Structure formats: C-alpha cells, structure tokens
Number of protein chains: 2
Amino acid sequence: MNKTLDLETLASLCKRRGFIFQSSELYGGINGFWDYGPLGCELKRNIKDAWWKAVVRTREDVVGLEASIIMHPAIWKASGHADGFADPMVDCKDCRKRFRADQLCEEQGVELIKTEATFALPDGVQCPACGSKNLTPPRSFNLMFKTFVGPVEDETNVAWLRPETAQAIFAQFSNIVATARQKVPFGVAQMGKSFRNEINPRNYTFRSREFEQMELEFFIRPDEAVELICGHVTQLDDKPDLMGPPQASWGWNVWLHYWIEQRLTWYRAIGLPEADLEQYWQVGDELAHYARACVDIEYAFPFGVQELEGIAARADFDLTQHQTHSGKHMDIFDETLKQAAAKLDDPAREAFTRKVVTDWTRQGKSEEDARAFVAKLFDGKYIPHVIEPSAGTDRLALALLSNAYDEETFTDHKGKTDTRTVMRFHPSIAPIKLGVFPLVKNKPELYGKARDIFAQLQRRWNCFWDESGAIGRRYRRMDEAGTPWCVTVDFQTLDDDTVTLRERDNMQQVRLSLSDLVDKLDAEIG
Amino acid sequence: MNKTLDLETLASLCKRRGFIFQSSELYGGINGFWDYGPLGCELKRNIKDAWWKAVVRTREDVVGLEASIIMHPAIWKASGHADGFADPMVDCKDCRKRFRADQLCEEQGVELIKTEATFALPDGVQCPACGSKNLTPPRSFNLMFKTFVGPVEDETNVAWLRPETAQAIFAQFSNIVATARQKVPFGVAQMGKSFRNEINPRNYTFRSREFEQMELEFFIRPDEAVELICGHVTQLDDKPDLMGPPQASWGWNVWLHYWIEQRLTWYRAIGLPEADLEQYWQVGDELAHYARACVDIEYAFPFGVQELEGIAARADFDLTQHQTHSGKHMDIFDETLKQAAAKLDDPAREAFTRKVVTDWTRQGKSEEDARAFVAKLFDGKYIPHVIEPSAGTDRLALALLSNAYDEETFTDHKGKTDTRTVMRFHPSIAPIKLGVFPLVKNKPELYGKARDIFAQLQRRWNCFWDESGAIGRRYRRMDEAGTPWCVTVDFQTLDDDTVTLRERDNMQQVRLSLSDLVDKLDAEIG
C-alpha cells in the first residue's frame, strides 16, 4: 500500500501529527539528528517493549544489559573500530573544505583508486567548492564521535561515543557469566543509543548520526564441542525444526537460520508484510574477514530496499579480540562438555583431534592452534561463538511508518466520495490503542459514563479522550494517529453497557458489550 | 533497615548479583561510568516504566518527547549552559596537570578568592603533583562533553552532549503545541541519557558522568492569566486539595506543591519509606536568579541525605530565553483567556493593568514590560510558565537498592540460627516478580506441570525458573535478587492445582490455588 509513497509526504504527516520533528528545528536544525514527538515516542516505546518481550522477557536463555555510551577507548581498539571504522576524506588546501573521496570521484565521473592499504585520487579531481585541484590525498576519517573525559583535552583523555551497543556485551561477558546463572547457549541483549559521524546523513531518519539499536549476542558452543557432546552436529540438510525449541545438537549454521526465522516472525507479528521483507546474503568482500555468514533483513522503503537488521555469525572473533587486548581469559567452562570428553578413550580422542586438525588446516589455520583448541575442549573449555541479530530501532520505526501510511478514497454514508489518511499500524505498536468519545458532552450522565469507561480502559491501554467536534472528525484524527479502534459512548450505553466500536481499517461499526471490548483488546493487542 | 549499610557492601552485592558493574571493568574501568547487568537493567526498566505510567500514560495532560542527545549548540547558548555551566580550574605550568581551584584551596587550607566576575588563587598555593607554584589563574571549565559533528574538527562544528534532557522540551515546545492537541496547563515529559564531565565523580553511581534523567516540564498559565479567567488565584492558604484533580484557579505555588505531592506519592508507591524522604527548600544564592522556588526531594543514602529530584518553579525563563535567541515567538494563544478579557469593561481593564504594573515594578521589572505583558494577555496570549520536576533515574535506582538491602538473622525450622541477605524491593520495581520451582526434577508429570505453570505466568510477569539445588537454596537466591514471591509445584499440585507460595519478606509459606495466585500478583504488582 506504500508503493507510491514518497518520503516528503510521509515526513509531512510525521511532523503534522507529532511523530517526528527535526532536531533543534527552532535553530535551523542539525543535520542527521531527529526527535520523536508525542506519538513518535510512544511508537518507539512500543517497538522497544515488543523487542525486549520477544528477545529477553519471554525467553529463559537471554538476559539484558544496559551499558554506558562512553566506554574505555581500549574497547574500540579491540573491536577494530578505532582503526578500521573510517571513510577516506580529502581536504581542499585552498578553501579548507573537506569531502568524502569516493563521492567526489563519483560526482566527477572518475574512479577512486584503491591500493593495498590506502586510497588515491585520479588526476584532475577538483574541489567542488572553489575549483582548486590542490587537494590532499585521501585520509581516513573515523566515524566515531570523539570527546574528552575529565578536565584536560589531550590525547590521553580521548573517549568515543559508542558506534554500536554490541561491544559492551563482549566487554562485560565475564561479569554476566559469573552472575546470571546462564549456560551456553545463551544470549545477552541490549538496547540503546549509538552514534556515527556520518559524512552524509540521508533518507530522512534512515541514516542518522544518532540512532538507537536493539542488539543480541547469542553465544553458542563451537561445532566441535557440539560434536563431542552429541556425537554429531545438526546441519540445515537435516531439516531441523527452526520454530520449535532449540536443540543441543545444532551447529552454528542452524542457529543462524533459527535466529533469522525468529526475527522474521517478529517483524511479521508487528505488522510488516512478508512480501516487503527480503533477505540479502553478504558475499565475498562484503563479508567481514571473521564472519562466517551475514544476512541483511531488508525492507522495501519508499527510497528503495534497505537494511533493517543484520544477522551475523561472527564465530569467536569478538571475545578472542577482547581476550588478546585485555590479557584476560574469555573461556567458559562447560561441565557437559567435560563429561562427554571424559568418556572418550584415547583412540577416540586421537581420531577427534585429527579430524579437527584436518578441518582447521583446510581453513588455513595452524595445526598448533587446532591442537590447543582441542586440548581445551577436552578440559571442557572454549571461547563461545556468537550469532548477532542487530536491529536499528529508528529504521524499524521508519519502516512501520512507511508501511502504515495509506491514503484511501471511499464513499461515505451519504454517498459522497471522500479521502482519508490512515496509518494502519499493527495494534501492538500503535501509539494509541483506543479513542474514547462521548457522543455529546452536554449530558452529564452520558459524559460521566464515558469518563468512567475511559478511566477503566486507560489503566491497561494508552487511550485518547476526545469530546470535540463531530464523531466523524474525531475518527479522522484517530485514523491519522493510527489508532486501531474508537468507542463511542451514547445513550444506549446507559441502558445496557454496550458501546459502538469503530474499526480503523474497514471503518465498520459494531455494537458490543464492555466486557467483550476488553476481551477483544486483550486478544488483539497482546 | 539500611541505616548501617555501607556502600562497599551494597556495591559488592550489586556486582555479585549482576545489578551494577563498573563500565569497561575488563580494561581497568573508566571513572564515572557504570553498566547495569541483567538484574539492574530490569530494575531500571521497571523504574522508567513506572515513571512513564504515572507521569504520562495515565494522565491526559502530559505527552512524551524523545529528543536527540546531540542538539544544535545554540540551544546551550540560550539555556545558559554554554557560558555558565562551569567549574574553575587551574593548570600547573610545569607539570601540565589540571585541578579544580576550590578543591585545591580547600586541601591547602586557604580560601579561593571570588571576585565579581571570576576567581583568583591566594598566594602560595602549590601544585599537589609537582609542588610548583607556577599555576595559571582559575579558568572556567565547562562541564558539557564536547564533540565535533561532521568531518572537520573546528570551532564551527563543535556540539555538546546534553547536560540535561529538559532543554529539548523547550526547543520543541512550538512543534508540540502545534501537534499534540493540548492546552495549557499541560506537560511534556522526557526520559533519557545526559552527560556531565564531572571533575570528581563519587558515591558509587550517585554522581556519574553519564546518567539518566526523567524530566517533566509542566506548563501553566501565569497567575495574571488565571486571575483574568477565574477572578482570583488560589493560593496555598486557601487549602486546595492537592491530591484531587487540578483546578483552573490554581496559582503557580499551588501547582508547585501539587507536583511535590504527586512525586512524593509516587516515591512512596514504589517503596521508599516516608521517613527517608526529605524536602530541602533552596534559599538565597542556591536558587537560580530566575527560579521562584526550588525544592529538592532528598533521600537518606548510606553516604548522607542527598538529592533524588529537584522540583523548580522556573516561571517563563526558559521559553523566553529561546524566544530571544531564536527570534521566534513562544507565545501560546488561550481562547478561554481571550474570552475572559473580552468581558471586561475599560475601567476593569485599567484596574487590572494598574495592579499588574504595581506588582511587577515592586519586583524590579519595568512598567513598560508590565504593560506589554497585559496587552498580550488581553489578546489571549502569553508565554507559559513552567513547573519542572526533574528526577535522576540512576540515583533513584541507587536509593531503591540501598533501601531494599537487608541482612537478616533468623531461626530456621530446625531451630538453627541462620543469616540471609534479602533485597526488599517493592513488587512493582522488583526485577523478577516470581520464582517458579518444581519440587523435584526427575518426575516428568510434576516437572511438566511446573513448566506449564511457568509458561502461563511468564506471559504476564518476569518469572525465573529454578530447578537446581534444595528449595531453601533456591529461596535464598531469589532473596538476593529481591524476588517477592516463589511458588513451588509439588505432587499435591497435580491433584488440586494448588501451589506453595513463599513470601520473601516474612519467609512464610501458604498454599493457594493457581487462580488465587494470579489474582494476588495482579493486585500487588499492579
């Protein structure tokens, strides 16, 4: 329904109804930053609550974390962000303006030269501001926002705003293992703000400099540990039931597909149509060197099909990096594994070791590393591997807003053609669940009854009281806010405790009792 | 119960049970930053949900906002933070270290010299690091964290991490008025991270560099507008009912006391004892020049009585500042006021004007300003005044943790003396509401029944499944987590659907039916 929607139309509705405002609009705005107004912040709260409920609260194998945005800079050394998280930039030596090298070349119809370690500009590239060709070579510009902690602004006090929430989970892994009474496989989830100093923020809220993430690091046994424990490793070819409870024998690729299914199921449950969700599997160079696989879950936005969430199998890369940089062990002890290994006799151990050595050397790793890894496995120890479903909250809000937007032409009850704008949010994420209207406001008994009903429903759901204007206009206002239902309290309510329920999507009205209304809301909002 | 609690004991429990970890502990930590572990982040979620529910969701006169942390730097010019939000610092010219001037003087037994506009060091003050007397004069050091937006690190691209969430509410005031269908009096609430580059973070999480706020700006009519509309202004002496619905005739001081009562009621409702809550009314110099009154709600922390929340009557200072700095009008139009003014005849208008002029000139304001203000009032226009209840989420979490902590010596059922650590959280903010235990785990029927009960309760409340160890040990683990109830499923459950409910606080056990259990949780958690 949003195929012909353009971003300006959506942004205009979002501003008019208080979903999204430009940050600091009063002072001309600030590029790449956005504020959520009264309806927008309820929408975001609902998204985050739904994610937390699905990923943390209703699962016994996931716990939460809420870490600080500013962390020790060593974390970004270990993660690679301090050195690698950069775009190549050139400066004009004459007018002192700065540009992204790849975009400069693209605009001028030439190709940026990529060498082994760096970039170079082809001859003839000009400064787009002053026309000078006196440009510096491309130099990498880190996308992390820099600040200084403490009273002195020097290099020893530099800190960064986190560019992702994930690293805190790895940095606190040992503390969580020590306190949370969880055993691998288990996950740690975090929601919160992240910051990237994008050179070119664009597509409304899609690529912002400040944004919110919902990330899960789900720690699993290495396949070799699974094999020791279960005698085999379940692969996709074995057609495991990905919607049922996870099994101890699953290998990493089954876990990856399990999480893809979990996440797609969730997106559908909050109202994104299956047809607008796509999977893009990263290939070759796109894939980080340590990643075994990464799939982007994409949504058909008005500006094109773009990433909502990335789900990556990152092996033991992150924990190993932190082990190396901190000098502290990230191994966990797995009693089940140790018991399984203890049952093997020497020939079985040797056969298993040979198999792992063959596998690892085929992947280009050393025999020495393979043997050390197996020796640890026999002691019940390993660094867990990880599957990382990493979603963008603001991108999802934008997808839900885009998906919900509809302009509908219909024939009203007098036979007149009319048009309405309606935000068709799923009830679970709609900012307001219910409009409550007294039919008239000058009849105290009816008005009081309506207030009582409002007070009762408001205790459980976010309701909106509206007593001004014709009922039809009140419906229209709720349509634009995306409120799935409106109830009108009229004279009959005083007699029999029934109300008129009007459905947002089909504009049908039905009469039902208050208790049936509560049951209906219970069932549909969840 | 926490009178003898010291912070180390509390911090040790918090780390051991996963409430709070030092940020970046793996790399030696970072001073002034904290992470919330699995139990801590649920506690904070419950605090924020409870605040949002009390302040926004169940009120028709408050809407929410979620603004960006990085905003246009002009906002901090207008608010005064860019210039005034600073501590005086001195640098040692020899060893290049930096110190807070007031602390330096205090340590060396001398007094920092305060002049009209600045500070000076008395003679003889030495660098505590190298002993040199070659120190710079005190220079103000802004407490806002500085960063650069965009690819160039120069003064034109400086931005700040917000030191408070409140300013975004003022900056977006016009957008909210235009979209939210609210009329004064109404409020705008925001929760979120703020940052202050404290020279000396201290008292565990109490004074941190990164912290979370829950702020409400509640906009009210100036008293003069109230008088025009109602013919009088209700004062405290009139003994208004502060717990009932707000009245149109309330003056600012009644509104201030209304919000103090609202907030105190809320603190008591989430379990802080009345006896540990104090009000401190700022006097003289403590009060910002524009503030009419400010009360700190304080809590008796283990390290002393300290502020949880400030509630300030800020008049129209903030909106006026933004009007001046942005050049855009912050007046709102009040139809009721205009109609009331229209009913006045000329002598009544003149009398009203004279009264306002007398009041204002007595307060040191100009007659010209008073006349301009009244002229606008007669047109139904004014800049709203504001009452600001501003609470610290992390401070409240610390207060709730301190208050909950108890070490109890008791006699067990065998007559043996035993000790337990128990976190006596109010059920509404307890991270886990209910522990669910199968009596034994090797009886499939009983185990399956317990799993069914767990699954049913987990849908509504955060429950914890525990099947390992003696029941007594499982209770003890839940006591330390602050879980108010545990249910044990035993053989009798299979016969009659009753379970054993154990209360955390008195360790009593009662037998009740599953449906009575659900009703009890419903009533006590809310």
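Letters A, B, ... are given to chains in the order of the sequence lines, protein chains preceding strands, and every chain is numbered from 1. These numbers come from a predicted model, not from an experiment.
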Minimum heavy-atom distance between B/S23 and A/S68, given as atom pair plus value: OG-OG, 2.9 Å
Basic-acidic side-chain contact under 4.0 Å: B/R45, A/D49: yes
Residue A/Q22 versus chain B: region with a heavy atom under 4.5 Å: backbone
Contact origin within A/F454 toward chain B - heavy atom pairs under 4.5 Å: side chain
salt_bridge(B/K328, A/E25) N-O dist < 4.0 Å: no
Contact origin within B/E210 toward chain A - heavy atom pairs under 4.5 Å: side chain
Chain B contacts, top residue of A/A67, A/G29, A/P201, A/G18 (heavy-atom pairs, under 4.5 Å): A/A67
Salt-bridge contact A/R181-B/D466 (side-chain N to carboxylate O under 4.0 Å): yes
B/M330 and A/L26, any side-chain heavy atoms less than 4.5 Å apart: yes
Side chains of A/E66 and B/W34, donor plus acceptor under 3.5 Å: no
Portion of B/E212 that has a non-hydrogen atom of chain A nearer than 4.5 angstrom: side chain
Contact leader toward chain B among A/I30, A/I70, A/I75, where contacts are heavy-atom pairs under 4.5 Å: A/I70
Per-residue contact mode, A/Y27 against chain B (heavy atom under 4.5 angstrom): both
Student check: side-chain heavy atoms of A/L65 and B/Y36 closer than 4.5 Å: no
Minimum-distance pair of heavy atoms, taken over all atoms of A/C41 and B/G64: SG-C, 3.4 Å
Contact leader toward chain B among A/L161, A/V63, A/T147, where contacts are heavy-atom pairs under 4.5 Å: A/T147
Region of A/R100 in contact with chain B, defined by heavy-atom distances below 4.5 Å: neither
Selection from A/M71, A/Q167, A/R96, A/K97 maximising heavy-atom pairs under 4.5 Å formed with chain B: A/M71
Contact class of B/F195 relative to chain A, heavy atoms under 4.5 angstrom: side chain
Where B/G150 and A/R209 come nearest, the two heavy atoms and their spacing: CA-NH2, 3.8 Å
Neighbour count >12 (heavy atoms, 6.0 Å) for atom NZ, B/K48: yes
Heavy atoms from other residues, nucleotides or ligands near CZ of B/R473 exceed 12 (cutoff 6.0 Å): no
Heavy-atom pairs under 4.5 Å with chain A, option from B/Q182, B/R16, B/Q172, B/E198 with the top count: B/Q172
Most chain B-contacting option - heavy-atom pairs closer than 4.5 Å, from A/Q458, A/K44, A/R57, A/R98: A/R57
Chain A contact via B/M144 - side chain, backbone, both or neither, heavy atoms under 4.5 Å: neither
Heavy-atom pair with the smallest gap, counting every atom of B/N197 and A/F148: ND2-O, 3.2 Å
Residue part contacting chain B, namely of A/M89, when any heavy atom lies under 4.5 Å: side chain
Worked check of side-chain contact (heavy atoms from CB on, under 4.5 Å) between A/N175 and B/D35: CA-CA 11 Å; A/N175 272 331; B/D35 292 354; over 6 Å; no
B/K193, part contacting chain A, at a heavy-atom distance under 4.5 Å: side chain
Heavy-atom proximity to chain B below 4.5 Å, by part of A/V56: side chain
Interface moiety of A/N462 toward chain B, non-hydrogen atoms closer than 4.5 Å: both
Side chain / backbone / both / neither for A/I199 at chain B, heavy atoms under 4.5 Å: side chain
Any side-chain heavy-atom pair of A/R459 and B/T58 under 4.5 Å: no
Closest-packed option against chain B by number of heavy-atom pairs under 4.5 Å, given A/F33, A/F21, A/F145: A/F21
Side chains of A/T179 and B/K15 in contact at under 4.5 Å (non-hydrogen atoms): no
A/Q190 portion near chain B, given a 4.5 angstrom heavy-atom threshold: neither
Part of A/F464 within contact of chain B (heavy atom distance under 4.5 Å): side chain
